[in-house]
Protein chains: 2
Amino acid sequence: MFRDGSGRTLADYPRPSVAVDTALLTLDRSLGLVVLEVRRPTGRGWALPGTFLHEHERLADAVNRSLWDKAHIRGLRPRQLQVFDAPGRDDRGWVLSVAHIQVVHASRLEDRFHDSTRLVPVTQPGRLPFDHAEIAKSAVHNIRSRYSDEPDPDHLLGDSFTLRELRLAHEAVMGRELQRDTFRRTMEPRLVATGETTAGGRGRPAEVFRRAAAES
Amino acid sequence: MFRDGSGRTLADYPRPSVAVDTALLTLDRSLGLVVLEVRRPTGRGWALPGTFLHEHERLADAVNRSLWDKAHIRGLRPRQLQVFDAPGRDDRGWVLSVAHIQVVHASRLEDRFHDSTRLVPVTQPGRLPFDHAEIAKSAVHNIRSRYSDEPDPDHLLGDSFTLRELRLAHEAVMGRELQRDTFRRTMEPRLVATGETTAGGRGRPAEVFRRAAAES
DNA sequence: TGAATAGTGTCTTTGAGACACTATAGG
DNA sequence: CCTATAGTGTCTCAAAGACACTATTCA
């Protein structure tokens with residue numbers, strides 16, 4: 001057993017429980033930017049999906065495990081937001097929570113889980129336990145910051161899309177309308193034209209673009 | 001004892017040790033932007049100051065405790081950077097580390113600790129154990145981001161200062177020269193003039209400013 | 001007076017915002 | 001033709017960068 005400078009082993013120190021909680025964001029066609037909530041296992045109401053960290057498990061793996069268990073979504077790459085450590089934040093004991101954000105395409109949410117999950121517009125937050133309201137707020141800030149830099153860093157759209165689709169996605173993320181012409185001039189240099197155009201819609205067909213390789 | 005949804009108590013789950021590690025940055029008159037390193041208690045070499053979280057202790061309090069123990073600095077407000085959770089990152093066992101940044105005025109570093117501490121320019125990083133090199137790099141990115149927004153959010157300077165002093169601080173933080181005139185025009189609206197001027201130096205006396213109340 | 005530093009005028013460039021125009025489709 | 005959407009020209013405005021000028025002090 002390895003020892004620290006004081007000569008005691010790590011086992012001599014009390015250790016906190018560590019949880020992960022995740023704000024999973026997606027774009028709903030009608031609701032706009034939404035956050036996934038799941039039924040709380042104990043008691044009533046809804047909460048962000050979370051779980052306790054298992055032994056030697058990585059935080060990202062714990063997030064993936066909780067999202068798989070509670071909404072059957074997998075293969076994600078959550079990003080850390082911050083650690084919540086307020087004493088008394090969890091009445092079950094000494095629990096730290098590492099908040100995460102994960103953004104997914106709406107198609108990855110399976111319909112058959114709609115009894116135990118729901119999507120709530122970020123503009124109308126409900127009442128959430130623990131620090132979950134703060135986590136959701138932080139996640140919204142985070143995704144807005146990311147989308148002000150790049151066209152579609154979190155793949156809210158498919159592989160190809162028109163500038164109209166991209167702009168509508170940005171408007172949903174940002175929560176406000178964006179100017180059509182300025183948006184195009186900002187984004188077009190960061191996209192790759194496919195040479196294809198849309199057909200069948202109203203009005204002039206639109207060019208179809210892909211994400212630049214750097215964004216992939 | 002409270003129980004979770006599975007009916008087991010929290011005590012049934014293994015828990016990780018949680019450490020805090022801190023990149024303490026300051027401005028050295030001759031070295032520029034520097035990070036504080038401390039002698040490692042076990043073995044040789046240097047590391048960022050850190051400690052294990054005590055029972056029911058807040059992360060910020062653990063940071064303050066480690067900085068008081070190792071460099072006799074206190075009363076600080078560290079900010080979280082990120083959690084490091086790679087398996088095997090610490091050969092003493094299952095240890096998560098919550099990295100922090102803290103920026104202080106150089107005058108708060110006590111000279112009598114210079115045997116067990118040293119200040120290393122961020123431009124010439126040494127070899128650091130664990131994830132400490134990454135923490136230091138993240139801290140530099142963090143302070144640069146903060147100082148691109150505001151005059152002196154971390155109080156690297158005293159209560160009052162000239163625009164020259166402020167610019168030299170920014171140049172040290174940013175690691176590059178800044179334009180004198182553009183810098184003034186950017187910063188002056190965010191400062192409060194005291195009406196005083198410097199005396200005794202070479203050249204025309206400079207106006208003395210204070211931080212705006214919002215920054216305080 | 002000359003060197004050194006403080007502070008400002010102003011020209012250029014750049015990018016966002018705003019408006020209006022042209023282009024191309026369906027009905 | 002009309003309507004709807006795509007794409008572009010161009011004017012304005014604000015801010016940063018760059019250069020040069022004036023202002024005030026000490027030696």
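In what follows, chains are A, B, ... by sequence order, proteins preceding strands, each numbered from 1.
Comparing A:G203 and A:T197 along DNA chain D, the residue whose closest nucleotide (by nearest heavy atom) sits nearer the 5' end is A:G203. Take the nearest nucleotide of DNA chain C for B:R204 and for A:R204: the residue whose nucleotide is more 5' is B:R204.
At whole-Å resolution of the value, CG in B:L178 and P in C:dA6 are 15 Å apart. In this structure, A:E196 atom CD and C:dA25 atom P are separated by 16 Å, rounded to whole Å. Remark: C1' of D:dA6 and CZ of A:R167 are 10 Å apart, rounded to the nearest angstrom. Going from atom CD of A:E177 over to atom P of C:dA16 covers 19 Å, rounded to whole Å. Rounded to an integer number of Å, the gap from CZ of B:F183 to P of C:dT5 is 17 Å. Rounded to whole Å, atom C1' of D:dA23 lies 12 Å from atom CD of B:E207. One interatomic measurement links the two molecules: CD of B:E188 to C1' of D:dA15, which rounds to 16 Å at whole-angstrom precision. One atom, CG of B:L191, and another, P of C:dG7, lie 11 Å apart when rounded to the nearest Å.
Phosphate proximity of D:dT25 to B:R202: absent, as no side-chain N or O sits under 4.0 Å from OP1 or OP2. The side chain of B:Q179 places no N or O atom within less than 4.0 Å of a non-bridging phosphate oxygen (OP1 or OP2) of D:dG17. An OP1 or OP2 oxygen of C:dA6 is reached within less than 4.0 angstrom by no side-chain nitrogen or oxygen of B:R184.
Exactly one residue among A:L166, A:L168, A:V173 makes a side-chain contact (heavy atoms from CB on, under 4.5 Å) with A:H170. That residue is A:L166. Each of B:R211, B:R79, B:R108 was checked for a salt bridge (charged side-chain N to carboxylate O under 4.0 Å, His left out) with B:D154, and the lone residue meeting it is B:R79. Tested against A:L36, the residues A:L48, A:V104, A:L24 include a single side-chain contact (heavy atoms from CB on, under 4.5 Å) partner, A:L24.
Remark: the A:R185 side chain and the C:dG17 base include no donor-acceptor N/O pair separated by less than 3.5 Å.
Using a 4.0 Å heavy-atom distance criterion, A:R180 is classed as a base contact. At a threshold of 4.0 angstrom between heavy atoms, the contacts of B:G201 are confined to the sugar-phosphate backbone, with no base atom among them.
Within a 6.0 Å sphere centred on NE2 of A:H72, heavy atoms belonging to other residues, nucleotides or ligands number more than 12. Applying the 6.0 Å contact sphere to CD of B:E150 captures more than 12 heavy atoms from other residues, nucleotides or ligands.
Comparing atom distances between the A:A206 side chain and each of C:dA16, D:dT24, D:dA6 picks out D:dA6 as nearest.
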